[in-house]
Each structure stands twice: as structure tokens, then as C-alpha cells.
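In this chain, numbering begins with 1 at the start of the sequence shown.
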Amino acid sequence: MNSWKSNAVFYQIYPTSFYDGNGDGIGDFVGMIEKLDYVKSLGVDAVWLNPFYLSPFMDGGYDVEDYYQVDPRFGTMQDFENFVAKAKSLGIRVVVDLVIGHTSFKNKWFIEFT
């Protein structure tokens, strides 16, 4: 059985450096939304979104402090939801990078169990 992933074209987005939509020098969801039409024009079926979760950013965002919060440098949860909605409207699937092996020492899992 072939799933959609078998022939999909993925485009990786590293949020920090992808596109700055609010002029602060850091990529963000506003910028990602702005460029989704361009990404679609490349023939992309899905985007692989690198970590955008709350992080002390000591390891490029891979040191996640809270998987349930968007890091403010990238916008808000509403911005993320708008990104997903825009992608869906263009027929682009969104795959998020869940980096459990790179969790920050500030994550509650470490705080509660150490």
C-alpha cells in the first residue's frame, strides 16, 4: 500500500533563518506564511518544520523547554495555527520535528525527575 509519503516532495523549514516577517532579524511564522505560495510553486507536497517550541536556544532550538508553547521569537500559537491553515489550503502537509532526544534541562521532565 502506497501512502502519500511514498512520492511526496518535502521542503525543510528551519524557522530561525527561513524568512523574517516582522523585521526583527529572526525568521518567524509570519514570514513562513508569506512564503508558502512560493514553496508550493516548487512542487512541494509537505513541509518539514524544524523545532519552533519554547527553548532557551542553547542548541539552535533543539533544546526544547516546552513542547506545548511556540517560542515567542517565532510568533504565537495563533501564528502557528495560521501557518498550518494556509499550508492546508495550498495542499501542503505540515510535519513537525519532535526532538524528544534533545530536550532542554529547563524542560519540566528534567526538573521533576532530577
Side-chain angles (χ1 to χ4, degrees):
M1 173 184 208
N2 282 338
S3 75
W4 68 271
K5 298 178 295 291
S6 297
N7 297 309
V9 175
F10 281 78
Y11 187 97
Q12 181 181 4
I13 294 178
Y14 183 64
T16 302
S17 59
F18 181 69
Y19 191 74
D20 177 12
N22 64 8
D24 68 357
I26 299 170
D28 49 46
F29 282 111
V30 171
M32 287 182 251
I33 292 167
E34 192 173 324
K35 293 297 182 181
L36 273 176
D37 288 311
Y38 167 73
V39 170
K40 180 62 179 179
S41 77
L42 299 173
V44 169
D45 301 298
V47 293
W48 168 24
L49 190 57
N50 288 115
F52 59 90
Y53 318 103
L54 184 64
S55 169
F57 233 74
M58 297 173 67
D59 190 18
Y62 280 85
D63 51 329
V64 177
E65 183 174 340
D66 188 340
Y67 290 95
Y68 296 101
Q69 292 187 53
V70 171
D71 195 294
R73 75 184 74 224
F74 304 127
T76 65
M77 183 59 77
Q78 185 63 57
D79 294 331
F80 170 67
E81 291 171 3
N82 292 344
F83 172 79
V84 172
K86 172 72 175 186
K88 184 176 181 179
S89 77
L90 294 172
I92 299 173
R93 295 175 188 253
V94 177
V95 177
V96 297
D97 196 344
L98 184 62
V99 291
I100 295 191
H102 298 271
T103 303
S104 170
F105 68 93
K106 292 186 176 186
N107 186 290
K108 70 177 185 173
W109 300 340
F110 281 108
I111 294 168
E112 290 175 3
F113 299 110
T114 56

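- The OH atom of Y38 lies 4.5 Å from the CG atom of L42; values are rounded to the nearest 0.5 Å.
- Note: N22 CG to R73 CZ = 12.5 Å, rounded to the nearest 0.5 Å.
- Under a 3.5 Å cut-off, the side chain of K40 and the backbone N or O of L90 do form a donor-acceptor pair.
- When every heavy atom of P15 is checked against every heavy atom of L49, the shortest pair comes out as CG-CD1, 3.9 Å.
- Here the CZ atom belonging to F80 is positioned 9.5 Å from the CE atom belonging to M32, to the nearest 0.5 angstrom.
- No salt bridge links K5 with D45; every basic N to acidic carboxylate O contact stays at or beyond 4.0 Å.
- Smallest separation of non-hydrogen atoms from L54 and P72: CD1-CD, 3.7 Å.
- Remark: of the listed residues W48, Y67, Y53, Y53 is the sole one forming a side-chain contact (heavy atoms from CB on, under 4.5 Å) with V96.
- Under a hydrophobic clustering in which Ile, Leu, Val, Met, Phe, Trp and Tyr are joined whenever their side-chain heavy atoms come within less than 4.5 Å, directly or via other members, L98 and V94 fall into the same cluster.
- S55 and G61 make their closest contact through OG-CA, 3.6 Å (heavy atoms, listed as atom of the first residue, atom of the second, distance).
- Annotation: side-chain contact (heavy atoms from CB on, under 4.5 Å) contacts of Y14 (sequence neighbours excluded): T16, S17, N50, F57, Y62.
- The main-chain N or O of G21 is found under 3.5 Å from a side-chain atom of D28 such that the two form a donor-acceptor pair.
- The side-chain contact (heavy atoms from CB on, under 4.5 Å) test applied to K35 returns F18, Y19, not counting sequence neighbours.
- Here A85 pairs with nothing under the side-chain contact (heavy atoms from CB on, under 4.5 Å) rule; sequence neighbours left out.
- Among residues two or more places apart in sequence or in another chain, the salt bridge (Lys or Arg N to Asp or Glu O under 4.0 Å) test is passed with D24 by none.
- Here the closest non-hydrogen pair linking F74 and P51 is CE1-O, 4.1 Å.
- Listed by chain and number, the residues in a side-chain hydrogen bond (donor to acceptor under 3.5 Å, both in side chains) with N82 are Q78 (sequence neighbours excluded).
- The structure places CG of D71 at 12.0 Å from OG1 of T76, a figure rounded to the nearest 0.5 Å.
- Proximity of V47 to F83: side-chain heavy atoms (C-beta onward) are separated by under 4.5 Å at one or more points.
- Applying the salt bridge (Lys or Arg N to Asp or Glu O under 4.0 Å) criterion to D79, with sequence neighbours excluded, gives no partner residue.
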Legend entry - From CA spacing to verdict: side-chain contact (heavy atoms from CB on, under 4.5 Å), F52, I13: CA-CA 10 Å; F52 59 90; I13 294 178; over 6 Å; no
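- Here I33 contributes atom CD1 and K86 contributes atom NZ; the two are 8.5 Å apart, rounded to the nearest 0.5 Å.
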Inset, instruction - Would you sort out whether Y11 and I92 count as a side-chain contact (heavy atoms from CB on, under 4.5 Å), showing the intermediate values? - result: CA-CA 10 Å; Y11 187 97; I92 299 173; over 6 Å; no
